[in-house]
Amino acid sequence: MVLCYSRMIYAEFTTAQTMEHFLACHQNAFDAFGGVPGKIMIDNLKSAVISHRFGQQPVFNPVYADFARHYGFEIRACGVRKPHEKGRVENAVGYVKNSFLAGLNLPDFRGVNQELRHWLATVANVRVHGEVKRKPVEMLTEEQPRLSGVPANPYDIGIVSPVRVSSQFRVAVDANKYSVPSRFAGMKLTLKTYPDRLCFYEEDRLVARHSRSYDKHQDYEDPDHVGELLTQRKAARDQKIVTAFLRLDSCAQTYLDELRDRRLNAKHHVQKNRRIKRNSRSRARGQGHARRLRV
């Protein structure tokens, strides 16, 4: 993004071109410039312009149009087949390629934006611009009073989509799998996708959150989600033990109620009585077998 008067440049590298990245880059540019311009001339990319037939008015992406209303800027789509209308930003792209990227050797993508910010602050925006013959950073002080203030409440750039949870309480996003609490296995949830995070909702309630990964074929599991499954299984086992105990005798329910009234460990006593009962049955079967042998 380039401010037309000062020629101040904001640039950022991303790993995707989806709507949430597109809007996040706008927000970062506004923060870097210290304000929002009154008009933004945009290329005819689908994130901003759904259609723009030659000689007709453009149809803007409704999400981008809502974003523009929130920040108070007017969208201007470049004319069809009129590349000269975006010359300032096209020149800036070439400048970044030929000055910043040329000969750059970074082992990891995660460091590229930090290096880019340093280059913008120490090279691009402090050089004497070839056309205006002044430094962009100095001209920005003259341009900033004409920029609108950045709203205190940022636009929520999360992109909402319905998702289905697998039987293994996982949701697939960008060729990766992310866990949610096990009780949602097989259910539908709502996903809000941000450039840096993924948020899963049951209606309006947040049930899981993960840092977003741009690796491929990875499985990201929250230990708490597995712990919930283990708790559910343990509760089911305990209920099975109690049910089996109640079937032993008509007095079992009274016995169990008295244990709970006295705040004793009901599970421990139930298991102990079941073991005694099983041992008694085993001895009875053994004695019967012994009598048959004697006969």
Side-chain angles (χ1 to χ4, degrees), residues 1-45 47-49 64 67-68 70-79 82-155 157 194-196 214:
M1 187 177 285
V2 181
L3 292 180
C4 291
Y5 175 75
S6 65
R7 303 303 203 274
M8 192 78 174
I9 298 174
Y10 176 78
E12 180 179 340
F13 290 97
T14 69
T15 54
Q17 301 180 73
T18 53
M19 178 62 81
E20 64 270 22
H21 291 87
F22 183 60
L23 299 183
C25 287
H26 277 64
Q27 291 177 329
N28 295 338
F30 300 154
D31 289 339
F33 295 148
V36 182
K39 299 177 184 178
I40 292 183
M41 180 167 282
I42 199 75
D43 203 350
N44 289 284
L45 72 166
S47 296
V49 182
Y64 188 57
F67 179 84
H70 181 86
Y71 284 97
F73 66 85
E74 178 186 345
I75 308 171
R76 289 285 184 90
C78 290
K82 293 183 179 179
H84 62 278
E85 292 185 355
K86 53 179 179 176
R88 289 184 179 88
V89 75
E90 291 291 348
N91 291 337
V93 170
Y95 177 48
V96 171
K97 287 182 178 179
N98 297 326
S99 179
F100 173 71
L101 286 178
L104 183 68
N105 182 20
L106 284 176
D108 195 315
F109 174 82
R110 286 173 291 187
V112 68
N113 280 317
Q114 182 178 350
E115 291 292 329
L116 179 60
R117 286 191 294 271
H118 177 74
W119 177 81
L120 289 171
T122 59
V123 179
N125 289 323
V126 297
R127 80 195 191 285
V128 175
H129 194 277
E131 185 174 345
V132 298
K133 309 304 181 185
R134 293 177 63 189
K135 296 180 180 181
V137 69
E138 294 175 353
M139 295 182 68
L140 179 64
T141 60
E142 302 170 12
E143 189 170 20
Q144 275 182 329
R146 296 182 177 273
L147 303 178
S148 301
V150 179
N153 296 319
Y155 186 85
I157 63 173
Y194 296 87
D196 60 342
Y214 291 95

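Note that this is a predicted model, so its numbers are computed, not measured.
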Are any side-chain N or O atoms of [X] and backbone N or O atoms of [Y], one a donor and one an acceptor, separated by less than 3.5 Å?
| X | Y | result |
| --- | --- | --- |
| Arg146 | Glu143 | no |
| His118 | Gln114 | no |
| His70 | Asn153 | yes |
| Asn125 | Ala121 | no |
| Gln27 | Tyr155 | yes |
| Glu74 | Gly38 | no |
| Asp43 | Cys78 | no |

Q: Evaluate the side-chain contact (heavy atoms from CB on, under 4.5 Å) criterion for residues Phe30 and Asn28: first the C-alpha distance (whole Å), next the side-chain angles of each, then the deciding distance (0.1 Å), finally the verdict.
A: CA-CA 5 Å; Phe30 300 154; Asn28 295 338; over 6 Å; no

Grab the two heavy atoms, one from [X] and one from [Y], that are nearest each other, plus how far apart they are.
| X | Y | answer |
| --- | --- | --- |
| Ser47 | Tyr64 | O-CB, 3.5 Å |
| Asn44 | Gly79 | ND2-O, 4.4 Å |
| Thr122 | Val126 | O-CG2, 3.1 Å |
| Ile9 | Ala92 | CD1-CB, 4.1 Å |
| Tyr10 | Ala32 | CD1-CB, 3.6 Å |
| Phe33 | Leu147 | O-CD1, 4.0 Å |

Q) Please walk me through it: do Val93 and Val96 pass side-chain contact (heavy atoms from CB on, under 4.5 Å)? A) CA-CA 5 Å; Val93 170; Val96 171; 5.9 Å; no

What's the spacing between [X] [atom1] and [Y] [atom2] if we round to 0.5 Å?
| X | Y | atom1 | atom2 | result |
| --- | --- | --- | --- | --- |
| His129 | Tyr95 | NE2 | OH | 9.0 Å |
| Ile157 | Phe22 | CD1 | CZ | 12.0 Å |
| Thr18 | Tyr194 | OG1 | OH | 13.5 Å |
| Leu140 | Leu3 | CG | CG | 6.5 Å |
| Asp196 | His21 | CG | NE2 | 8.5 Å |

(Q) Within the structure provided, determine whether Pro195 and Thr14 are in side-chain contact (heavy-atom separation under 4.5 Å). (A) no

Q: Applying side-chain contact (heavy atoms from CB on, under 4.5 Å), run through Ile40 and Met1 and close with a yes or a no.
A: CA-CA 9 Å; Ile40 292 183; Met1 187 177 285; 4.2 Å; yes

Q | Inter- and intrachain pairs under salt bridge (charged side-chain N to carboxylate O under 4.0 Å, His left out), touching residues 12-25, at least two apart | A | Glu20-Arg212

Q: Sort and list the pairs that fulfil salt bridge (charged side-chain N to carboxylate O under 4.0 Å, His left out) and have at least one residue in residues 128-141, not counting sequence neighbours.
A: Arg7-Glu131, Arg134-Glu142

(Q) Parallel, tilted or perpendicular, judged at 30° and 60°: which one describes the rings of Phe67 and Tyr71? (A) tilted

